[in-house]
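Have a look at the structure below before the remarks.
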Amino acid sequence: MAELRILGLAKAFDGNPVLRDVSLTVASGKLVAILGESGSGKTTLLRLICGFEHADAGTIEVDGQRVAGPGLHVPAERRQVGYVAQEGALFPHLSVADNIVFGLPRRARRARDRVGELLELVGLPAAFADRPPQALSGGEQQRVALARALAPGPKLVLLDEPFSALDATSRAETRGAVAAALTAAGTTAMLVTHDQAEALSMGHEVAVLRQGRLVQVSDPLTLYRHPRDAALGGFVGEAVVLPGVVKAGRVTCALGELTLGTAAADGCVDVLVRPEQIRLAAGTCTIGVHARVSGITFYGHDAKVDLRLLQSDGTQTLFARVAGHQIPAPGIDVRLSVEGEVIVFPINRAVIDTNSPT
Amino acid sequence: MAEAIAVPSGDRPAAAPPRPRRAASRRPPAALIAASALGALLVLLPLAFTVLQAERVSGAEAVELLVRPLVGELLVNTIGLVLATTAASAIIGTGCAWLIERTRVPGRQVWAVLAAVPLAVPPFISSYAWVSLSPDLQDFAGAWLVVTCSYYPLIYLPVAAALRGMDPTLEEVGRSLGQGQLSCFFRIVLPQLRPALLGGMLLVALNVLVEFGAFTLLRFRTFTTELYAEYRTGFNGPGASLLAVVLLVLCLICLLAELRVRGGAQYARIGRGTRRPITPHALGWMMLPVLAGLAALVIVTLGVPIGMIVYWLTQHAAAAISPAEVSASLLISATLASLGLGLAGAAATVVLALPLGFLATRYEGRLVTLLERTAYLAQGVPGIVVALALISLTIRTLHPLYQTATLLITAYVIVFLPLALVSVRAALVQVQPALEAAGRSLGLGWPAVAWRIVLPLAGPGLGAAAALVFVAVVTELTATLLLAPIGTQTLATQVWADTSTLAFAAAAPYAAVMVVLSFLSTWLLARRFATTRFLNG
């Protein structure tokens, strides 16, 4: 259990910067999720903390001890940083138990100390100890990999997209087991993922990495409700973005006059509405914006409803999320309203000027 | 030759318990069983005959024949050389593999090819080169040098492949668990190399046990040379067959151990998906010594054989210890004989391997396994034992076949059936039954399925099988020497005859044509395998 502190970290491969000036602190016992698209530098960040790569600039401190900095590179084997690779990377020549005790001193390895306890921690039966890793499912392998990483009592555990190779069912189950094990062990952890749902559901905090820079670090709720810019809002969840105008604390756009989440200065803005905020009512209803259902994608528990607004020139399209038992018939007219607060982002004036004909 | 090529094990999904093969509850058709049994029985023929011959010897006589200084000397010679060669090959092969695959030695790709090529130089050709360089290089030291140079690639190739296929993440995980570089090598890398290393070592041992030509030229006595000597000096039946049985037992022990190692421990990667490339180690000050070592290896394994052949090609025939004229017409007829036997041998072997391969890839069951294993048994039967058994058999019961090309080709089929079967099997695995089913569902009849689906997919692999057998036949000496019809000279028998009489200049053209043929086919095969590996990921 220890704190991780990263300051001004930078790394380039063959002159191409992959990480630029990354600073991040993970409080003791917390799980932070690093969210980014592929190529955003998230795996490089993790490999720098592990000690598999040398940093170009910046410092890394684990538990108050500097492990990387100018002229300093503590080798991976002396950092006490556990690592769970993308597909577990269990040693194929060793049984589950021998995998788990791999990082323990020789005597503890012989005694197979803690094998049962660690298997229980990650939610696997003790009978798994003597199995070869090949006999385990992908999710079970990931749990053994976590048990192996936790066995020597590391100061920090890093997980590199640990669920990306799993199918949907075992992914949910494995996520739960891993989160529970990390909480029970009380270990500080960092999880790298490209899956926003995974980051939001597992991280105590989520750090979004974009083109090698951290764009926002906050708790999942804040990140979803108050993303720093419209693009980030669209990355952490589905978004409908409409042009609008702020005047005296209210914002007006194609969906009508909406409530602001945070105060904004008067002027032209982009309005970000989450599709689950859009409510559909029958076309005969007296309030709401007129729209026509142009398509439906049914998922079971919910559905994505494509809509075309009927007012003005009738070209504005958007979509809503509705519960599975409330889907409208395709082609009918409905009236739309927005529930809750919306987020606005001031539009760069210069962009407007060059785009508008006046 | 390269009997070492193991069938690659495909990655299988981790979730499902391993299912060895395509499910096939159907019984194989009787015709397929019969066709497969033909190959298997052919393999059993010389084996059974030799054992039956030896059984005729009474117990007391057998003890008398086996417990004598000659057998002791042969055992010491053979086992001593097997151990020395296997150990030397393991060190050279593993060392080369690690240097080429895991360090930043300049010209890795070139070294990778040069380290594998010596397999294409038959040991009796390199012994010709060494003997003609210095007649002192004989006996144990000479034999050790020559066979190690020829067979260390049998260890280099699988170990290099294992190093290449190893997931570097495993070593990273080891380091994150507090293990240093050295500890990671011994606790993670080495255990995973073990199947490749052990399998390669056993193949080297097997090849040394059955080697004949090189040892005769180097005047080193082993079981094979002694068997040949007994055959030449009047064919002492019981004594020879007892020696043959001792040799057979040694070979079969190696073969069974090899099958166990190969079957028992296939550490296939557990996961799938893309892999991070391995970061090679920097060599630092070791760079020059490493380069010098690799260069020395290439000079010894390739430079000397090729250099000596070229040297003798440029010498007048009289320059050798025994002058002998090089005859252009004899060179042409020997080349044609070798090519003809090679083509016929390749065709016959692949034709007999096809039903076995089809049976093994499409059906399951005890009979299927038995037939396939029997065919692989031929790997443990030395060529000289096959040849001697066929000679006695034809002299006694099938006299019209004695001294015919048919008999010689039969011997090739027996000796090289496992070699062909490995490639044929790999080729047929490419044709998944689901693809044929897809073809049928699109309205194709089975001739169209065979022509438009099976042939395009399996054809290159079958061609590779034929090419492998062709090279093996062209460079084969033992069976050719004993079974070639009177008046038929091949490249191999000519090199052997001229070198035995120390007519080194006369032997050079035959050796040169053989080496060129061998290199050419190896190069074609290597190119093909390089592209298929790329395609299969």
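Keep in mind it's a predicted model, so treat the numbers as computed, not measured. Throughout, a chain's letter reflects where its sequence line sits, starting with A, and its residues are numbered from 1.
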Original post:
By a 4.5 Å heavy-atom criterion (distance strictly below it), what part of A:Ala149 contacts chain B: side chain, backbone, both, or neither?
Top reply: backbone
Original post:
side chain to side chain contact (heavy atoms under 4.5 Å, CB included) between B:Asp167 and A:Glu87: does it pass, once the steps are laid out?
Top reply: CA-CA 11 Å; B:Asp167 189 350; A:Glu87 292 181 353; over 6 Å; no
Original post:
Quick one: does B:Glu172's side chain get under 4.5 Å of A:Cys50's, heavy atoms only?
Top reply: no
**OP:** Using the ring of A:Phe102 (Phe, Tyr or Trp, six-membered ring only), decide whether B:Arg187 places NZ or CZ under 6.0 Å from its centre and within 45 degrees of its axis.
**Re:** yes
Subject >> Interatomic spacing from CG in B:Leu170 to CZ in A:Phe91 - rounded to 0.5 Å >> reply: 6.0 Å
Original post:
Is any side-chain heavy atom of B:Arg194 less than 4.5 Å from a side-chain heavy atom of A:His93?
Top reply: no
**OP:** Would you indicate whether the side-chain heavy atoms of A:Glu77 and B:Arg175 approach each other to under 4.5 Å?
**Re:** yes
Subject >> Heavy-atom check, side chain of A:Leu158 versus side chain of B:Ser176, under 4.5 Å >> reply: no
Subject >> Exceeds 12 heavy-atom contacts within 6.0 angstrom, atom CZ of B:Arg108 >> reply: yes
Subject >> Beyond-backbone contact of A:Tyr83 with B:Leu177, side-chain heavy atoms, under 4.5 angstrom >> reply: no
Subject >> Heavy-atom check, side chain of B:Thr169 versus side chain of A:Gln86, under 4.5 Å >> reply: no
Please tabulate, one pair per line, all N/O donor-acceptor pairs under 3.5 Å involving side-chain atoms of residues 126-133 of chain A, not counting sequence neighbours.
from, atom 1, to, atom 2, distance (Å)
A:Asp130, OD1, A:Arg112, NH1, 3.1

